[in-house]
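Remarks on the structure that follows.
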Amino acid sequence: EPYLTALAIDALARAKLAGAAPVGADAALDRAAYVMPQIFAAARTLDGEAYVIAHLAAMTRLENTKERFAGVRERLEEIALTVRSSSDQLGNAGLALATRAHAELGMTAEAAVLLDKLLARGVKIGGLHWEADRDTYDWWGDDISTSGLALDALLAARPDDRRTAEIAQW
């Protein structure tokens, strides 16, 4: 399943970056290069593309990325441009994921613009939160997971922003 595979790749890459990777993580990450075309092809919606770039961005920070994952960074940047150009069509979860991806890819100015759009969609009742997108796939989750993605985006793009406390309060 392409989306779960992207999530697993993300977990392995983050574990590797944190120095907590299990034995065999490098070999599994090396094999990830072979499934990238399938993952990219499976993301047929803007929200799906935002999900993919958010969960593959950590790979770009691994040692020897250019050699291990030739062309992946360029493909992620290509998809990021598509997502960014149509960001008004993203759901709340997709916009949060796109923001995090842009921040992790080092596109700080672009991440800031996306974050401002995301923050404008927030609901300030009992703290700050985001509603789940009811008209999208069921696996996007509920208000809690959507707000968690927004918190993750805020921490990636503006880690010192005081609104993190408002999200935690909610």
Separation between [atom1] of [X] and [atom2] of [Y], rounded to the nearest 0.5 Å:
{"X": "I167", "Y": "L151", "atom1": "CD1", "atom2": "CG", "result": "5.0 Å"}
{"X": "S85", "Y": "E110", "atom1": "OG", "atom2": "CD", "result": "10.5 Å"}
{"X": "L56", "Y": "R75", "atom1": "CG", "atom2": "CZ", "result": "11.0 Å"}
{"X": "R68", "Y": "L62", "atom1": "CZ", "atom2": "CG", "result": "5.5 Å"}
{"X": "T65", "Y": "L29", "atom1": "OG1", "atom2": "CG", "result": "9.5 Å"}
{"X": "L154", "Y": "D160", "atom1": "CG", "atom2": "CG", "result": "10.0 Å"}

How close do [X] and [Y] get, heavy atom to heavy atom, and via which atoms?
{"X": "A58", "Y": "D10", "value": "CB-OD1, 3.7 Å"}
{"X": "V83", "Y": "A50", "value": "CG2-N, 4.0 Å"}
{"X": "I53", "Y": "A101", "value": "CG1-CB, 3.5 Å"}
{"X": "L115", "Y": "R158", "value": "CD2-NH1, 3.5 Å"}
{"X": "A153", "Y": "A96", "value": "CB-O, 3.3 Å"}
{"X": "D47", "Y": "G91", "value": "OD1-N, 2.9 Å"}

Ignoring hydrogens and geometry, is there a side-chain-to-backbone donor-acceptor pair from [X] to [Y] under 3.5 Å?
{"X": "D142", "Y": "S145", "result": "yes"}
{"X": "T99", "Y": "A111", "result": "no"}
{"X": "W130", "Y": "L118", "result": "yes"}
{"X": "R84", "Y": "L114", "result": "no"}

Got a sec, which pairs hit ring-ring contact (aromatic ring centres under 6.0 Å, His included) with one end in [range], sequence neighbours left out?
{"range": "residues 146-168", "value": "none"}
{"range": "residues 86-125", "value": "none"}
{"range": "residues 53-86", "value": "Y51-H55"}

Q | Partners passing side-chain contact (heavy atoms from CB on, under 4.5 Å) against T108 (at least two apart in sequence or in another chain) | A | none

Q. When you look at D88 and K117, which way does the side-chain contact (heavy atoms from CB on, under 4.5 Å) test go after all the steps?
A. CA-CA 8 Å; D88 291 337; K117 289 181 180 188; 3.3 Å; yes

Q) Do V113 and L119 belong together in a cluster built from hydrophobic side chains that touch within less than 4.5 Å? A) no

Q: Flag yes if L17 and I9 sit in one hydrophobic cluster, no otherwise; membership is Ile, Leu, Val, Met, Phe, Trp, Tyr, and two members link when side-chain heavy atoms are under 4.5 Å apart.
A: yes

Q: State, yes or no, whether a side-chain contact exists between S87 and L46 at a heavy-atom distance under 4.5 Å.
A: no

With sequence neighbours left out, what residues match [X] under side-chain hydrogen bond (donor to acceptor under 3.5 Å, both in side chains)?
{"X": "T5", "answer": "none"}
{"X": "R121", "answer": "N92"}
{"X": "D152", "answer": "R100"}

**Q.** For I144, the rest of its hydrophobic cluster, which grows through side-chain links under 4.5 angstrom
**A.** W170

Q) Going by side-chain heavy atoms closer than 4.5 Å, which hydrophobic residues are tied to L81, directly or by a chain of links? A) none

Extract all donor-acceptor atom pairs below 3.5 Å that involve side chains of residues 34-42 and protein atoms in other chains or at least two apart in sequence.
none

Q: Mind checking salt bridge (charged side-chain N to carboxylate O under 4.0 Å, His left out) for D143 and listing every partner two or more places apart, or none if nothing turns up?
A: R134

Q: Name all pairs fulfilling the salt bridge (Lys or Arg N to Asp or Glu O under 4.0 Å) condition that reach into residues 52-67, sequence neighbours left out, sorted by first residue then second.
A: R61-E104

Q) Can you list the steps and then say if L149 with L95 is a side-chain contact (heavy atoms from CB on, under 4.5 Å)? A) CA-CA 9 Å; L149 291 171; L95 186 55; over 6 Å; no

Q) Can you list the steps and then say if L105 with R73 is a side-chain contact (heavy atoms from CB on, under 4.5 Å)? A) CA-CA 8 Å; L105 290 169; R73 169 91 191 190; 3.7 Å; yes

Q. Is the number of heavy atoms from other residues, nucleotides or ligands within 6.0 Å of CD1 (I125) greater than 12?
A. no

